[in-house]
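Have a look at the structure below before the remarks.
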There are 2 protein chains.
Amino acid sequence: MNNSQLYKGSLSTVLLKLLKENGRMYGYEMTQKVKELTANEVVLNEGALYPALHKLEAEGLLTAEVVPVGNRMRKYYAITPKGQTETESRLAELEEFVKHMQLLLGAKLSLG
Amino acid sequence: MNNSQLYKGSLSTVLLKLLKENGRMYGYEMTQKVKELTANEVVLNEGALYPALHKLEAEGLLTAEVVPVGNRMRKYYAITPKGQTETESRLAELEEFVKHMQLLLGAKLSLG
DNA sequence: AATATATACCTAAATAGATTATGCATCAAT
DNA sequence: ATTGATGCATAATCTATTTAGGTATATATT
């Protein structure tokens with residue numbers, strides 16, 4: 001993500017949520033989806049994206065499947081059962097973060 | 001902050017906001033205030049706090065004044081005019097973050 | 001008297017999560 | 001032929017934080 005648009009630590013939660021919603025996606029597709037959803041305001045940085053995906057895979061939260069499309073390779077990611085649990089957990093953590101911010105910054109932010 | 005309770009990058013915004021609300025505070029006081037506001041859920045880590053305060057001072061956003069209280073020293077911090085502008089800017093940035101999260105995670109989070 | 005807890009500041013080393021800058025390769029369009 | 005989009009990746013650097021320590025005074029407990 002560029003320019004501190006998203007706070008550090010939120011990337012993996014975003015990726016898990018994207019995969020939860022879309023079933024299976026490849027990296028480049030995620031960058032486009034994020035752009036689309038945020039009206040080009042958030043740009044997923046590849047140097048952050050790919051290491052993050054690899055880490056989630058290493059943690060057993062995602063599986064990867066390389067699929068040839070034409071002469072190109074796409075690496076599709078999908079959430080594992082363990083990943084599903086973790087997705088809920090990280091989303092809850094993010095809600096906690098917003099709750100804490102609300103408390104610290106004075107009711108300016110709230111859960112919807 | 002311990003245990004990823006707050007996302008990285010939010011600390012300085014929290015400190016600026018605390019000082020904005022309270023006029024002038026010293027480091028230890030901030031740790032207690034954060035605990036108090038969050039019902040002991042967020043603990044300000046001193047190893048993060050003091051370097052963050054020093055950085056804000058170096059950036060010209062805070063001034064520091066050492067005051068003896070009994071035999072102890074307290075270092076009171078206050079926001080500079082430049083710091084006031086920056087506080088508003090960082091609070092706005094945090095709102096942007098929440099807005100982006102709302103877009104990416106699906107209307108679960110919202111501005112209040 | 002000794003010990004623990006609270007107050008009050010600090011820094012150094014390691015870790016983690018990003019950014020920046022590359023590299024490689026295919027494909028479509030000018 | 002060269003640019004821009006697609007698609008993956010890593011290495012170097014940056015920066016904020018965590019972890020783990022250090023120093024010292026004050027108060028409460030054993």
Side-chain angles (χ1 to χ4, degrees), chain A residues 1-16 18 24-36 40 42-59 61-62 64-77 90 93-94 97 100, chain B residues 1-16 24-36 40 42-59 61-62 64-77 90 93-94 97 100-101:
Chain A
M1 310 259 180
N2 65 359
N3 209 25
S4 293
Q5 288 174 342
L6 296 185
Y7 286 75
K8 297 188 181 182
S10 61
L11 176 55
S12 68
T13 306
V14 168
L15 299 180
L16 287 169
L18 285 175
R24 104 202 239 272
M25 299 179 84
Y26 54 100
Y28 185 77
E29 190 183 9
M30 297 182 201
T31 67
Q32 300 309 300
K33 191 68 178 175
V34 165
K35 264 198 224 174
E36 179 199 323
N40 296 306
V42 176
V43 176
L44 250 187
N45 186 331
E46 297 186 345
L49 172 65
Y50 290 113
L53 287 171
H54 299 163
K55 193 183 177 203
L56 288 170
E57 191 187 355
E59 290 168 343
L61 308 179
L62 301 183
E65 185 196 359
V66 176
V67 176
V69 176
N71 276 18
R72 281 215 203 106
M73 286 301 163
R74 281 183 189 166
K75 197 165 172 182
Y76 279 96
Y77 289 91
R90 296 200 190 188
E93 198 180 278
L94 188 55
F97 166 72
H100 291 147
Chain B
M1 311 259 180
N2 65 0
N3 209 24
S4 292
Q5 288 174 342
L6 295 185
Y7 285 75
K8 297 187 181 183
S10 60
L11 176 55
S12 68
T13 306
V14 168
L15 300 180
L16 288 169
R24 108 203 236 270
M25 297 179 85
Y26 55 100
Y28 185 76
E29 190 183 8
M30 297 182 201
T31 67
Q32 301 309 301
K33 190 70 179 173
V34 164
K35 264 199 226 172
E36 179 200 323
N40 296 307
V42 177
V43 176
L44 250 186
N45 185 332
E46 297 188 346
L49 171 65
Y50 290 112
L53 287 172
H54 299 162
K55 194 185 175 202
L56 289 169
E57 190 187 354
E59 289 168 343
L61 308 180
L62 300 183
E65 183 196 0
V66 176
V67 176
V69 177
N71 277 17
R72 283 217 200 101
M73 286 302 164
R74 280 183 190 165
K75 197 164 171 183
Y76 278 96
Y77 289 92
R90 295 199 191 188
E93 197 181 279
L94 187 56
F97 167 73
H100 291 147
M101 280 299 157

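Since this is a predicted model, take the numbers as computed values, not measurements. Lettering of chains follows the sequences in order, A, B, ..., and the numbering in each one begins at 1.
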Can you tell me the distance, in whole Å, between the [atom1] atom of [X] and the [atom2] atom of [N]?
X	N	atom1	atom2	result
A:L15	C:dA18	CG	C1'	13 Å
B:K75	D:dT25	NZ	C1'	18 Å
B:M30	C:dA8	CE	P	13 Å
A:R74	C:dT26	CZ	P	16 Å
B:L56	D:dA16	CG	C1'	12 Å
B:L44	D:dT17	CG	C1'	12 Å
B:Q32	C:dC9	CD	C1'	14 Å

Identify the two heavy atoms, one from [X] and one from [Y], that lie closest to each other, and give their separation to 0.1 Å.
X	Y	answer
A:A52	A:L15	CB-CD1, 3.9 Å
A:F97	B:S10	CE1-OG, 3.9 Å
A:P51	A:E46	CD-O, 3.8 Å
B:V43	B:N40	CG2-O, 4.5 Å
A:L49	A:G27	CD2-O, 3.5 Å
B:A64	B:K75	CB-CE, 3.7 Å

Report task. Go through the steps for A:R74 and A:E29 under the test salt bridge (Lys or Arg N to Asp or Glu O under 4.0 Å), then give the verdict. Result -> CA-CA 10 Å; A:R74 281 183 189 166; A:E29 190 183 9; over 6 Å; no

Query - From CA spacing to verdict: side-chain contact (heavy atoms from CB on, under 4.5 Å), A:Q32, A:L44 - result: CA-CA 8 Å; A:Q32 300 309 300; A:L44 250 187; over 6 Å; no

**Report entry** Protein-to-nucleotide contact annotation, 5' to 3' order, nucleotides 11-17 of chain C [B base; S sugar-phosphate only; - none; under 4.0 Å, heavy atom]
**Finding:** B----SB

Query - Residues B:E93 and B:R90 bridged, charged N to O under 4.0 Å - result: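 Answer for the salt bridge query: no.
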
Query raised in the report: Out of C:dA8, D:dG7, C:dT20, which nucleotide sits closest to the side chain of A:N45?
Result: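 Comparing C:dA8, D:dG7, C:dT20 against the side chain of A:N45, the answer is C:dT20.
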
Query - Residues within residues 66-73 of chain B bordering DNA chain C, heavy-atom distance below 4.0 Å - result: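 Close to the strand are B:R72, B:M73.
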
